Amino acid sequence: MEHHSLTLLVDIALSIIFATFFAIIAKAFKQPLVLGYVIAGLIIGPLFGPYVGGKLTIGYVKSEESIELISEIGLILLLFIIGLEIDLKELARMGRSMFALGVLQFFLGVAAAWFVFRTFFPPAPGNFDLLYFAIALSLSSTMIVVKLLHDKFEISTVAGRLTIGVLVLQDIWAILFMGIQPDLQDPQILNVLGSLVKGIALVVFSFLVSRFILSRIFLFAASKPELVLITSIAWCFFLCGVAEKLQLSKEMGALIAGVSIAAFPYGADVISKLSGIRDFFITLFFVALGMKIQAPSASDLGLAFLAVGFVLVSRVLIIAPTVFFSGKGLRAGIVAGLNLAQISEFSLVILALGVQKEHIGKDLQAIVLTSMIIASIISTYVILFNDTIARGIISFLSIFGVRENKEPLESQVTGETKRDIVVLGYFRIAQGLIDGIEEDKPSWLKRMLVVDFNPIYRQTLESKGIRWAYGDLANPESLHHLGIEEARYIVCTVSDMILKGTTNRRLLESLKSICRHHQPKIILTTDDPKEAEVLRNNGAAHVIVPGKISGLSLFTELSGMVDQNGSTTIVKSAKAKPKKTASNKKKVKKT
């Protein structure tokens, strides 16, 4: 047992070391880091590990148990985080057209893949290769898309929101498929219905516990971010155990755990707090996948390239017309289709479970993994130049009389008023600010987003029409998840004395980076007049110095009082002072 534990520790250490090395190379060539992780697994895995003269050449990790355990842990954490990214409220706000787009994209994609690739995988009783392949090609990579769109600050554009909406619905279809996956070999209606009922019961149970128990635990733990983090992970593993008891997959339990927490205002902050753990286990998961790669034949490689071409063309052909006819613009539809032109890590999850259940062979898994790697490389450049490509396609279509409609405003897509006034921190200054706005500018309330870690004020603020969000100002990633890059005005009402883990100067640099393409007016707070000058020189539109404002306010009040009581009398009495005589001066000197 001790030897096995030591072997696992060595295998994990090797995985991280090689993943770091190849991720740096991938970064240098502007490729997704996932590609570096997979290549690292390929290099240290059994494929490159033949024995020569009794010694192993490259393949350091040989234990199948180690590979499976690393993959299992990484997979559970990966799906938990994917669940955290699914905002059901945001999905509901997008309306019927968004739902229709998500339905058409997935089911038409599966049907098209079934039709195109049926000659490669002839359908037969008990053979699920074609079904798995069609589903795999119809799902896009949440991780790659969100990362690249974040880097380009396009998450909150019309095309970005359409892209995220389709990704969320794809995840839901994947969850439903995972629910019936155990019964594919014996697809009796009662078994399938039984799995669906268990899945629905697990969802209901998780949301009820979240609503009535977890909400109170999070409220209690809100002031301690590390307690929020560990509570979230505990909830994830608890639901994994419940899912296994119900004879559902642990992975499905992890996904549902994430979705149930995402409904809370703490969801965005939990994601940011989990980012380090997430990156660690995502690394292990994709390294483990790389270890499982088999040497592809020429025919398999050709099929992989054909699959990538199909994904790119089918996404645009299905999504662009649907978006265009729903009135959201041709360019937005083409860009959304281009953004989604890759193969999901979720596809690899489904295929991995399919191999475990002996629905498919490892050959199919290797083909899809190869396709994913190729698509990831191509997709990096497609998303980078998505606007240029989309405008080129529109220019070509204009030859045939197809013209672009005017793109709608963001509020028309989301159905929500744009929150362009962001207040960071809800303390005395912010409370006074909102009191003034409520009295003189009540129409501004629906434009406001307040970011704070204390949920006590949430109900009060939301009753006024203000949106409240849980966020850690010391962690810029949590601000990124809140979408503040759309703001026109950002006000930090907390001085450095109260801020924990950051300063107004650091916060200013983070805000400028997040809002790189749409610089808002940023107002900050400091107790030091010299620091105020530094902040203004660094780009702050205005800096509040509470002590100075308080002094000026006191002066105004005092002036009013003095004027009311007769300033003339006071001035006269001041002039009536006895003149200094020579004898007086001498007395002063002696004193």
Side-chain angles (χ1 to χ4, degrees), residues 150-153 155-156 268-269 272 418-441 443-445 447-454 457 461 466-559:
H150 261 309
D151 291 345
K152 288 190 69 184
F153 296 89
I155 287 287
S156 300
D269 194 65
S272 65
K418 188 174 181 178
R419 303 282 173 167
D420 63 338
I421 303 174
V422 176
V423 177
L424 303 179
Y426 190 67
F427 199 48
R428 293 168 187 163
I429 295 174
Q431 291 167 9
L433 171 65
I434 288 175
D435 286 344
I437 290 173
E438 189 175 13
E439 185 175 341
D440 292 336
K441 301 285 185 182
S443 61
W444 288 12
L445 297 175
R447 298 171 57 186
M448 296 186 71
L449 164 67
V450 172
V451 180
D452 195 73
F453 75 93
N454 193 341
Y457 302 107
L461 291 171
I466 299 169
R467 182 184 160 208
W468 179 88
Y470 182 86
D472 181 4
L473 301 186
N475 193 331
E477 191 65 26
S478 68
L479 301 180
H480 229 319
H481 279 285
L482 297 173
I484 67 167
E485 62 269 18
E486 298 179 51
R488 295 176 64 188
Y489 311 96
I490 301 177
V491 184
C492 177
T493 61
V494 185
S495 68
D496 293 350
M497 189 180 296
I498 300 172
L499 281 173
K500 302 296 181 184
T502 189
T503 63
N504 273 268
R505 198 184 295 192
R506 289 182 205 159
L507 193 59
L508 176 61
E509 295 307 314
S510 298
L511 293 172
K512 284 161 63 177
S513 175
I514 292 171
C515 308
R516 189 182 309 162
H517 297 297
H518 180 69
Q519 289 292 345
K521 301 289 185 183
I522 299 175
I523 301 173
L524 301 173
T525 302
T526 183
D527 296 311
D528 184 358
K530 292 182 180 178
E531 181 66 13
E533 190 64 30
V534 173
L535 291 171
R536 279 191 289 268
N537 292 337
N538 287 349
H542 184 67
V543 182
I544 304 166
V545 183
K548 187 175 181 180
I549 294 174
S550 299
L552 290 172
S553 178
L554 279 172
F555 170 74
T556 303
E557 292 294 327
L558 183 59
S559 290

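Note that this is a predicted model, so its numbers are computed, not measured. Index from 1, following the sequence. Just so it is clear, the values below take in all heavy atoms, side chains as well, and ignore hydrogens, waters and symmetry mates.
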Can you tell me how far apart CG (Asn538) and CG (Leu508) are? Round to the nearest 0.5 Å.
6.0 Å
Minimum heavy-atom distance between Arg488 and Arg447, given as atom pair plus value
NH1-NH2, 4.4 Å
side-chain contact (heavy atoms from CB on, under 4.5 Å) test vs Leu424 passes for just one of Leu507, Val491, Asp452, namely Leu507
Smallest heavy-atom separation, Cys492 atom then Asn504 atom, equals SG-OD1, 3.6 Å
Do the side chains of Lys530 and Glu533 get close enough for a salt bridge, i.e. N-O under 4.0 angstrom?
no
Separation between CG of Asp435 and CG of Asp440, rounded to the nearest 0.5 Å:
11.0 Å
Say you draw a straight line from CD1 of Ile429 to CD1 of Ile434; how long is it, rounded to the nearest 0.5 Å?
12.5 Å
Rounded at 0.5 Å granularity, tell me how far CG in Leu433 sits from CD1 in Ile421.
9.0 Å
Minimum heavy-atom distance Pro520-Cys515, with the two atoms named
CD-CB, 3.4 Å
More than 12 heavy atoms of other residues, nucleotides or ligands under 6.0 Å from CZ of Arg536: is that the case?
yes
Nearest atoms (heavy-atom pairs only) where Val545 meets Ala532
CG2-CB, 3.9 Å
Exercise: identify the closest heavy-atom pair between Pro546 and Thr525
CG-CG2, 3.8 Å
Side chain to side chain contact (heavy atoms under 4.5 Å, CB included) with Thr503: which residues, sequence neighbours excluded?
Asp496, Arg505, Arg506
Spacing of Trp444 atom CH2 and Ile437 atom CD1 [to the nearest 0.5 Å]:
6.0 Å
Taking all non-hydrogen atoms of both residues into account, name the closest pair between Ile466 and Met448 and its distance.
CG2-O, 3.7 Å
Looking at side-chain heavy atoms only, is the closest gap between Thr526 and Leu524 below 4.5 Å?
no
May I ask you to decide if Phe555's main-chain N or O and Ser559's side chain share a donor-acceptor pair within less than 3.5 Å?
yes
